[in-house]
Amino acid sequence: LRRRDTVRAECAYAMAERYHESAASVGAQSLNVSGPPGSDRLTFLCGALTGVFMGVIARCVHLAYHYMVEWKFELMYEALGEDKRESSSQVINTFAVCVGVSAVFAMGAAGFGLWEKTAQASGLPAIIALLNGISLPAVVSVKSLVATVAGLCFSIASGLVVGPEGPMIHVGAAAGR
């Protein structure tokens, strides 16, 4: 009985030694001894260009939905009329214009979601799966990028309770590819 315990202890000790040796070698390999992480100029250039491209896309998205909302408010202002006395028919017309334009924008967003299935949600779960090694090539395609950006503009302009944060991560992954 004592001999068996000794053999088990020796095996456990040998396995622990091998584990520490392999962990040390992996740690030494993961250290970039030639320079700081990211010192490769091409990697830096690609990252910088992706950041600039994302900044341009984010600004375009912001301007697009800003002008779409501005256009909706101009239509509502025209529906209110010149005299601005706020009769019940003018208020109803203004409300109908607001709801109608918002519904058209929401249908536009839904249309882009139907055109490309990966643009229907925020895209964060798909990007997390992609980063974990699951192959999802449609998630970062150009079609997905266009559908996500256009659907984002339409959904925000329609007044839906959404924001650009989640889809912009999806757009960034597609732009970086």
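For this chain, numbers begin at 1 and follow the sequence in order.
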Taking transitive links into account, so neighbours of neighbours count too, which hydrophobic residues share a cluster with Val69 at under 4.5 Å side-chain distance? Met68, Trp71, Phe73, Leu75, Met76, Val97, Val101, Phe105, Phe112, Trp115, Val142, Val146, Phe154

Decide whether Ile156 and Ile169 are clustered together by the hydrophobic rule: side chain heavy atoms of Ile, Leu, Val, Met, Phe, Trp, Tyr closer than 4.5 Å, transitively. no

Kindly compute the distance separating OG1 (Thr50) from CD1 (Ile57), expressed to the nearest 0.5 Å. 9.5 Å

Does Val99 offer a backbone N or O that forms a donor-acceptor pair with the side chain of Ser102 under 3.5 Å? no

Test of understanding: clusters of I, L, V, M, F, W, Y form through side-chain heavy atoms closer than 4.5 Å, transitively. Do Leu160 and Val149 belong to the same one? yes

Could you state whether Ile128 and Ile134 fall into the same hydrophobic cluster, counting links through intermediate Ile, Leu, Val, Met, Phe, Trp or Tyr residues with side-chain heavy atoms under 4.5 angstrom apart? no

To the nearest 0.5 Å, how far apart are CG in Leu130 and CG in Leu124? 12.5 Å

When rounded to the nearest 0.5 angstrom, what is the spacing between NE2 in His62 and SG in Cys153? 11.0 Å

Looking at Gly151 and Ala109, what are the two nearest heavy atoms and their distance? O-CB, 3.6 Å

Please find the pair of heavy atoms, one from Gly163 and one from Pro167, that lie closest to each other, and give the distance. O-CD, 3.7 Å

Considering all heavy atoms, the nearest Ala173-Ile127 contact: CB-CD1, 3.4 Å

Minimum heavy-atom distance Val162-Ser155, with the two atoms named: CG2-OG, 3.7 Å

Side chains of Thr118 and Ser144: donor-acceptor distance under 3.5 Å anywhere? yes

To the closest 0.5 Å, what do you measure between CD (Glu78) and CG (Asn93)? 12.5 Å

If we only count heavy atoms from C-beta on, is the Thr148 to Glu116 side-chain gap below 4.5 Å? no

Minimum heavy-atom separation for Ala174 and Ser141, please, with both atom names. CB-O, 4.2 Å

Is there side-chain contact between Met168 and Leu152, with heavy atoms separated by less than 4.5 Å? yes

Polar side-chain atom of Lys72 near backbone of Ala157 as donor-acceptor pair, under 3.5 Å: yes

Are Leu131 and Val139 connected in the hydrophobic side-chain network, where two residues link if heavy atoms are under 4.5 Å apart? yes

In sequence, state the C-alpha distance, the side-chain angles, and the governing distance for Met54 and Val171, and then conclude on side-chain contact (heavy atoms from CB on, under 4.5 Å). CA-CA 8 Å; Met54 276 307 301; Val171 170; 3.9 Å; yes

